[in-house]
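Here the structure is laid out as structure tokens; the discussion comes afterwards.
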Amino acid sequence: MCRHLAYLGPAGAPADVVLRAPHSLAVQSYAPKDTRGGGTVNVDGFGVGWFADDGYPTRYRRACPVWTDPGLDRLLRPVRSTAFLAAVRSATAGMPVSESACAPFGDDDWLFSHNGVVFGWPESVVGLAEDVPTVDLLRLDAPTDSALLWAWLRNALREDVDPADVVRELVVRVAATAPGSRLNLLLVGRDVLVATAWSHSLWVRSDGPGVLVASEPCDEESQWRPVPDGGLLVAHRADDTTTTYEMEKIGQPEGDGRT
Ligand code: GLN
């Protein structure tokens with residue numbers, strides 16, 4: 001089961017939580033503590049994305065275990081960003097191991113990650129795919145459940161909509177047509193972060209002016225709070241000193257532990 005994290009707040013260093021923290025994302029890739037029956041390690045690739053100084057996202061993805069990338073530490077060392085997302089992947093059986101299948105997925109405005117699986121893929125989400133413009137389906141990053149979820153979201157986000165409403169709609173809809181799916185989503189924009197906990201763990205830390213969410217707490221010192229299963233978390237960055245978040249329950253997942 002993939003592990004992922006996202007941050008919104010004053011400029012922070014992705015390297016701190018991706019590489020340096022005691023239970024960093026890199027550690028979670030080979031020694032996750034809470035897999036809930038969903039695989040053992042997350043070695044099928046990784047990705048880090050951040051909103052850069054020009055206001056647009058930069059993404060770096062590779063189809064190898066995160067600890068084997070010789071350039072990542074140097075690449076991330078100088079990076080400071082007000083909004084970032086990172087993920088390590090454990091490919092669902094039958095889905096390809098490739099760079100383009102690794103989160104974050106994204107465009108000029110958003111970064112996205114999916115930890116989980118869509119049951120009955122792909123038949124169970126044919127209706128969802130029918131909502132996605134054909135040209136976007138032809139340009140799908142990879143033939144995976146996560147890439148389709150992203151294509152649907154990106155299309156919905158082209159309208160002037162509340163991103164939390166769009167994420168909520170996606171989870172409720174896929175859970176209805178593909179029951180038992182695990183739909184742990186992270187969506188990060190310039191000033192907003194939306195996350196769901198749907199059949200897996202998600203934690204939130206907000207002990208400073210920023211908000212960090214992660215599949216597993218990255219350290220034991222900070223004030224981590226669990227996001228209840230079936231929960232949706234929305235964070236907004238008002239300015240450099242204020243980022244707030246709210247949580248709501250959007251439903252009751254019925255996951256069975258498979259990825
Ligand atoms: N199903 C997704 C993929 O194969 C995510 C996998 C996971 O969370 N383990 O990329």
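Counting starts at 1 for both ligands and their atoms, in listed order.
Here is the list of ligand 1 atoms found below 4.0 Å of a heavy atom in Met95: 4 (O). Remark: ligand 1 atoms within the under-4.0 Å shell around heavy atoms of Asn115 are 8 (O).
The N/O atoms of Ser90, backbone and side chain alike, include one that comes under 3.5 Å of an N/O atom in ligand 1. Considering backbone and side-chain N/O atoms, Ala91 never comes within less than 3.5 Å of an N/O atom of ligand 1.
For Arg89, every heavy-atom contact with ligand 1 shorter than 4.0 Å involves the side chain, none the backbone. Counting heavy atoms under 4.0 Å from ligand 1, residue Asp145 touches it through the side chain alone. At a heavy-atom cutoff of 4.0 Å, ligand 1 is contacted by both the backbone and the side chain of Cys2.
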Exercise for the section: Show your working on side-chain contact (heavy atoms from CB on, under 4.5 Å) between His236 and Tyr245 and close with a plain yes or no. Expected result: CA-CA 6 Å; His236 290 280; Tyr245 76 90; over 6 Å; no
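No side-chain N or O of Asp136 forms a donor-acceptor pair with one of Trp152 less than 3.5 Å apart. In this structure, a donor-acceptor pair under 3.5 Å is absent between the side chains of Tyr30 and Asn42. With no hydrogens or angles considered, no side-chain donor-acceptor pair links His114 and Arg89 at under 3.5 Å.
Atom CG of Asp145 sits about 8.0 Å away from atom OG of Ser181, to the nearest 0.5 Å.
Listed for the Asn184 side chain is a donor-acceptor partner under 3.5 Å among the backbone atoms of Asn115.
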